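Quick notes on the structure that follows.
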Amino acid sequence: METKTEQLFNFLDGHATRIAEKEDLLLLEAVYETAKAWAEGTISPDVEDATKEEVRKAIQLAVLKGMKANAQPHHQMTPDSIGLLAGYLADRLSKGRPYLSLFDPAAGTGNLLFTVMNFMDGRTAASAVELDDLLIRIAAATADLLAQPVSLYHQDALRPLMVDPVDFVVSDLPVGYYPDDENAAGFKLKSDEGHSYAHHLFIEQSMRHLKPGGHGIFIVPANLFESRFATQLHTYLKDEAQIVGVIALPPGLFKSQDHAKSILILKKPDASPGPKPEVLLANAPDMTNARAMESFFAKVDAWAAENGYRTVN
Ligand code: SAM
């Protein structure tokens with residue numbers, strides 16, 4: 001028997017494929033039109049009581065198929081396993097607070113943000129920015145379908161933002177060079193020669209939009225601290241942030257070692273008394289290995305308890 005996620009995916013994919021053909025749309029555009037029509041109630045699947053995660057996963061599968069069909073290599077959704085880990089970390093770092101504001105400055109389709117919001121369902125509201133017009137429209141339709149409160153902004157996230165300071169930035173940062181040198185000039189992490197690294201500027205922009213004591217959970221290249229701008233990044237972080245943790249993600253998630261990623265957790269300094277937390281350094285195991293995941297979570301929980309982050313259990 002099909003799962004509800006499969007039934008919802010078949011509904012989305014079937015409708016999208018039909019309208020793509022009929023209206024000569026790209027499959028990804030048709031997936032957006034389908035999700036929007038579903039959110040507006042013009043069409044609806046014959047599936048009862050689907051959970052928010054079942055809906056998110058079905059949309060994710062339909063979007064992935066749409067992206068593959070149109071060969072859009074730059075539009076990479078953040079995989080579920082990374083999103084769930086980010087949600088778990090945000091939950092642990094939140095010290096059980098009942099309400100959290102979130103921000104993703106590079107939201108794409110919102111898959112990472114919605115995975116985190118579903119993980120802490122009912123406790124979060126978010127702002128999100130994305131440059132790509134189709135991706136942000138998909139994120140908007142998904143937010144409606146999941147009933148997650150998100151304010152979306154279609155703009156360059158490295159320009160001034162209308163976003164109030166938040167408790168958490170959660171973002172899978174775009175990696176590479178930022179083409180707008182003039183705008184980059186306003187950042188401490190600008191390059192003195194040629195283009196700056198977009199992912200470095202995104203870290204700086206995110207730190208600006210955190211409340212004191214707020215945390216950034218960033219998906220970054222695993223070699224972040226080995227690049228040609230690493231010294232400059234170290235100096236910036238020493239002055240402006242506290243490194244809370246670095247978690248290497250399992251290599252199997254990425255197509256090659258060059259594409260490997262880590263999770264970097266930063267805290268915006270505040271006036272809270274007491275010693276700085278010890279830096280959490282860990283390797284996330286293969287997420288299909290239940291026993292290894294259990295011992296990884298136990299390690300993070302123990303670190304959280306020892307470093308002033310109350311554990312939820
Ligand atoms: N977390 C997203 C998801 O689950 O769909 C994927 C994020 S993807 C790794 C990075 C995103 O950053 C891309 O969607 C890209 O369009 C966006 N991006 C790149 N440069 C940007 C900029 N200057 N301002 C806003 N968004 C940007």
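Note that the structure is predicted; figures quoted are calculated from it, not measured. These values consider heavy atoms only, across backbone and side chains, with no hydrogens, waters or symmetry-generated copies. One-based numbering, in listed order, for ligands and for the atoms of each. Here, residue 1 is the first one in the sequence, and each next residue gets the next number.
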**OP:** Compute the shortest N/O to N/O distance between Q76 and ligand 1 and return yes if it is under 3.5 Å, no if not.
**Re:** no
Original post:
Counting from 1, what ligand 1 atoms have a heavy atom of T109 closer than 4.0 Å?
Top reply: 3 (C), 5 (O)
**OP:** Using distance alone, determine whether L135 and ligand 1 share an N or O pair under 3.5 Å.
**Re:** no
Subject >> Other cluster members, M1 - Ile/Leu/Val/Met/Phe/Trp/Tyr, side-chain contacts below 4.5 Å >> reply: none
**OP:** Considering the heavy atoms of L112, write down every atom of ligand 1 situated less than 4.0 Å from one of them.
**Re:** 1 (N), 4 (O)
Subject >> Charged N-O contact under 4.0 Å between D270 and K211 >> reply: no
Original post:
Which atoms of ligand 1 are found less than 4.0 Å from any heavy atom of Q155?
Top reply: 24 (N), 25 (C)
Subject >> Separation between NZ of K188 and CG of L201, rounded to the nearest 0.5 Å >> reply: 13.5 Å
Original post:
Heavy-atom contacts under 4.0 Å between Y153 and ligand 1: side chain, backbone, both, or neither?
Top reply: neither
**OP:** Give a yes or no on whether I203 and V166 share a hydrophobic cluster (residues Ile, Leu, Val, Met, Phe, Trp, Tyr; joining criterion: side-chain heavy atoms under 4.5 Å apart).
**Re:** yes
Subject >> Ligand-residue contact atoms, ligand 1 with N111, heavy atoms, under 4.0 Å >> reply: 3 (C), 4 (O), 5 (O)
Subject >> Numbering as shown, the atoms of ligand 1 that approach T78 to under 4.0 Å (heavy-atom distance) >> reply: 1 (N), 2 (C), 3 (C), 4 (O), 6 (C)
**OP:** State the atoms of ligand 1, each with its element, that fall below the 4.0 Å cut-off from a heavy-atom position in G108.
**Re:** 5 (O), 14 (O)
**OP:** Flag the pair K4 and D49 as a salt bridge only when some basic side-chain nitrogen lies within less than 4.0 angstrom of an acidic carboxylate oxygen.
**Re:** no
Original post:
Does P105 reach ligand 1, in the sense of a heavy atom lying below 4.0 Å from it?
Top reply: yes
Original post:
Which hydrophobic side chains are connected to F229, either touching it within the sub-4.5 Å cutoff or through other members that do?
Top reply: Y177, Y197
Subject >> N/O separation below 3.5 Å, E130 to ligand 1 >> reply: yes
Original post:
Has A107 got any heavy atom lying under 4.0 angstrom from an atom of ligand 1?
Top reply: yes
Subject >> Salt bridge present between K261 and D172 (N-O < 4.0 angstrom) >> reply: yes
**OP:** Using a strict cut-off of less than 4.0 Å between a Lys/Arg side-chain nitrogen and an Asp/Glu carboxylate oxygen, indicate whether D181 and K190 qualify as a salt bridge.
**Re:** no
**OP:** Establish, from distance only, whether the side-chain atoms of S256 and H259 form a donor-acceptor pair under 3.5 Å.
**Re:** yes
Original post:
For atom 23 (N) of ligand 1, which candidate among V129, D156, L201 holds the nearest heavy atom?
Top reply: D156
